[in-house]
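Counting starts at 1 for both ligands and their atoms, following the listed order.
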Amino acid sequence: MAENISVEEYLQQIKHATAIIESRIGGSSELKHPRVMIICGSGLGGIADTLDPSSIIEISYSEIPGFKTSTVQGHAGKLVFGLIGANKVPVMCMVGRLHFYEGYTFQQTTFPVRVASKIGVSTVIVTNAAGGINAEYKAGELMLIEDHINFPGLAGWHPLRGPNMEEFGPRFQPLSDAYDHELRKLFVTVAKDELKLTRKINEGTYFFAAGPTFESRAEVRLIRTLGGDAVGMSTVPEVIVARHCGLRVLALSLITNEGVGEKPPSALHENPKALDEGMASHDEVLETANEASKDVQKIIESVVNKL
Ligand code: HPA
């Protein structure tokens, strides 16, 4: 649990934040019971633009006690409540997520998920920008997350470390069913059969690296050997906490760049490639995410309308 505050204090913060949010959305009969939380990844904040503009209520993180602010370019830092699609499903979008590499504890980065569960959300849709590790993946493709590797977690940096908060979930949370099979099937049906999107959809394992550096070449090879298909600096803590809260999870990576796993050019031999070829950059991540975000928005809108 909280690494720097007590469980009691943390629970109190959750209660307080929930009350503040409920007081802001409570006046709207349509919005006061959001069913789905959507966490928008890098460059994917446009998902909130699919909400019916006349229904929207925005709350900046800085107005909510316990919420930290997002410090990353491409992450705004606000909750957007609104209705989505023909069925006017009430949702809560997190535009701008909080990362461990920003210096926050996992308790702080996952705080919004706990609050969402108290507000009554039953499903969380998590999106992210990720680097392709599987050699077949190309930038611009999607990867439906079927499983994850919590690399920091295996070494003890785990969001459920500390006293268990029984009111949310069990001490030993199973994760073999973390990524809801029905929701994944629905996602594929919507993308392929209904919307007939041509963007390739892969299904694979997300490897959580704490960041903030992009991976070295040797790390890309290590992650590949360990079974990661894509790598990113988010999502897994939120998914673990969502499962601890009993929420259903659908998670999606947008492959924004391809990890470079070949050895660097040698100093001993003539080299066909330059050292900076394929080098990852945050600008490239945002650009690719922007291009693909329209497809992601369409899929999410339709999926949510079928929940
Ligand atoms: N590595 C880690 N996180 C990322 C990457 C990457 O290559 N691309 C987007 N997020």
Side-chain angles (χ1 to χ4, degrees), residues 39-47 70-76 94-104 106 109-110 125-145 147-155 157 159 199-240 251-264 273 275-293 295-296:
I39 303 180
C40 305
S42 292
L44 292 166
I47 295 168
S70 181
T71 63
V72 189
Q73 183 207 345
H75 288 264
M94 215 182 138
V95 185
R97 64 142 59 82
L98 307 167
H99 303 85
F100 184 67
Y101 65 72
E102 292 174 84
Y104 299 134
F106 285 127
T109 66
T110 60
I125 300 179
V126 192
T127 64
N128 62 58
I133 291 291
N134 186 315
E136 312 228 309
Y137 290 8
K138 299 278 169 277
E141 295 180 358
L142 302 178
M143 184 186 87
L144 203 42
I145 303 180
D147 204 351
H148 71 228
I149 296 173
N150 180 11
F151 201 57
L154 294 175
W157 287 94
R199 192 174 295 279
K200 186 163 173 225
I201 301 173
N202 306 286
E203 199 169 30
T205 298
Y206 179 90
F207 186 102
F208 171 47
T213 46
F214 290 114
E215 293 65 38
S216 71
R217 294 161 181 265
E219 285 163 354
V220 166
R221 294 197 296 276
L222 172 82
I223 294 169
R224 198 171 278 156
T225 306
L226 292 180
D229 292 301
V231 60
M233 308 173 198
S234 67
T235 299
V236 167
E238 294 147 343
V239 168
I240 290 172
L252 175 72
S253 290
L254 170 57
I255 307 299
T256 50
N257 55 292
E258 294 153 33
V260 179
E262 294 137 33
K263 291 253 188 185
K273 291 190 177 172
L275 183 59
D276 60 359
E277 206 171 303
M279 188 166 70
S281 78
H282 190 53
D283 287 344
E284 178 196 16
V285 167
L286 292 181
E287 200 181 302
T288 311
N290 277 336
E291 274 169 28
S293 64
D295 280 357
V296 174

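For Thr235 and Asn128, the side-chain atoms include at least one donor-acceptor pair closer than 3.5 Å.
Aromatic ring pairs are classed by plane angle as parallel below 30°, tilted from 30° to 60° and perpendicular above 60°; the pair Phe207 and Phe151 is tilted.
Ligand 1 is surrounded by Ala129, Ala130, Gly131, Phe214, Glu215, Val231, Gly232, Met233, Thr256, Asn257, Val285, each with at least one heavy atom closer than 4.0 Å.
No side-chain heavy atom of Asn134 sits less than 4.5 Å from a side-chain heavy atom of Asn202. Looking at heavy atoms from C-beta onward, Leu142 lies in side-chain contact with Leu254 at the 4.5 angstrom threshold.
Partners of Ala135 under the side chain to side chain contact (heavy atoms under 4.5 Å, CB included) rule, at least two apart in sequence or in another chain, do not exist in this structure.
With Tyr137 contributing its side chain and Gly131 its backbone, the two residues share no donor-acceptor pair below 3.5 Å.
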